[in-house]
Engineer: 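Below: one structure in structure tokens.
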Amino acid sequence: MLTDQVEVLRSTLKDKDPFALAGRTGADFHSLAQAEGELRLFLWGRPVSISTPQLHARYGDTSEELPPHLQALLLYYCLTCDGTRPSGQWMAFSQLPDGRFYDQAFQGYTGNVLAQTFREDVEAFCAAAQRLGGSREFQLGSAAFAFRALPFVPLLAVYWQGDEDFPSTCQILFDSAVSHHLPTDACAILGSHLTRQLIKHRE
């Protein structure tokens with residue numbers, strides 16, 4: 001479980017140069033009093049601040065502390081991210097390191113759930129994605145929307161329109177550079193989160 005690693009990750013990161021961390025992750029670093037500071041970045045479009053050297057994450061607009069699984073996600077991002085920019089090329093979860101072993105399960109709680117929710121209603125899928133702030137992409141599927149989870153981590157939700165012979169299908173894809181920024185199990189969390197939010201935004 002990612003959440004089991006939160007304190008280990010904090011211990012690993014606490015002595016890292018915050019300016020270097022900011023440079024690698026696409027964050028901004030703001031120095032505060034007494035050798036403390038904040039890394040500021042966006043998580044799913046929402047401002048987040050990560051205190052240094054304590055490495056506790058809070059939402060920038062409410063000061064509410066993030067739940068443990070999102071704390072872990074941000075810490076893994078800070079630890080793993082090497083500054084590689086997104087490639088603009090999309091790939092399936094199965095193409096991630098060890099992803100093929102968990103691809104069936106991932107598709108089960110992401111793409112299959114989306115297909116069951118939206119069925120043949122591509123307009124409902126598009127409307128939900130737009131309400132969630134997705135950016136329309138035209139190179140894949142009947143409809144596809146990109147979402148920025150972290151500064152260097154975009155995801156793509158793709159919908160293929162079915163017909164009388166074949167049902168509609170959906171899939172969550174990742175930028176091909178994502179392994180420079182997160183481990184595979186963290187990518188699974190992002191895909192699950194995006195799925196839940198798309199369903200939540202369906203009217």
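Throughout, residue positions are numbered sequentially from 1 according to the sequence presented.
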Engineer: When you measure from the centre of the six-membered ring of Phe42, is the NZ or CZ of Arg148 closer than 6.0 Å and no more than 45° off the axis?
Structural biologist: no
Engineer: CZ of Arg202 to CG of Asp121: how many Å apart, nearest 0.5 Å?
Structural biologist: 5.5 Å
Engineer: Using a 4.5 Å cut-off on heavy atoms from C-beta on, say whether the side chain of Tyr76 contacts that of His181.
Structural biologist: no
Engineer: Looking only at the side chains, is there a donor atom on one of Tyr159 and Ser168 sitting less than 3.5 Å from an acceptor on the other?
Structural biologist: yes
Engineer: Is the closest basic N to carboxylate O distance between Arg24 and Asp82 below 4.0 Å?
Structural biologist: no
Engineer: Using side-chain heavy atoms (C-beta onward) and a distance below 4.5 Å, is Trp44 in contact with Leu155?
Structural biologist: yes
Engineer: Would you say the side chain of Leu32 lies within less than 4.5 Å of the side chain of Glu38, judging by non-hydrogen atoms?
Structural biologist: yes
Engineer: Side-chain donor-acceptor pairs under 3.5 Å in residues 48-57, sequence neighbours left out?
Structural biologist:
| from | atom 1 | to | atom 2 | distance (Å) |
| --- | --- | --- | --- | --- |
| Ser51 | OG | Leu55 | N | 3.4 |
| Ser51 | OG | His56 | N | 3.1 |
| Ser51 | OG | His56 | O | 3.4 |
| Thr52 | OG1 | Gly37 | N | 3.3 |
| Thr52 | OG1 | Gly37 | O | 3.2 |
| Gln54 | NE2 | Glu36 | OE2 | 2.9 |
| His56 | ND1 | Arg10 | NH2 | 3.2 |

Engineer: In the structure I gave you, are the side-chain heavy atoms of Val178 and Leu190 within less than 4.5 Å of one another anywhere?
Structural biologist: no
Engineer: Ignoring hydrogens and angles, state whether a donor on the side chain of Thr110 or Thr195 is under 3.5 Å from an acceptor on the partner side chain.
Structural biologist: no
Engineer: Ignoring hydrogens and angles, write down the donor-acceptor pairs under 3.5 Å from the side chains of residues 124-137, residues two or more places apart or on other chains.
Structural biologist:
| from | atom 1 | to | atom 2 | distance (Å) |
| --- | --- | --- | --- | --- |
| Arg131 | NE | His201 | O | 2.9 |
| Arg131 | NH2 | His201 | O | 2.7 |

Engineer: Do the side chains of Leu21 and Leu13 get nearer than 4.5 Å, heavy atoms only?
Structural biologist: yes
Engineer: Please work out whether the ring planes of Tyr109 and Phe106 are parallel, tilted or perpendicular, with thresholds of 30° and 60°.
Structural biologist: perpendicular
Engineer: Find out whether Leu66 and Leu73 are in side-chain contact, i.e. whether some heavy atom of one side chain is under 4.5 Å from a heavy atom of the other.
Structural biologist: no
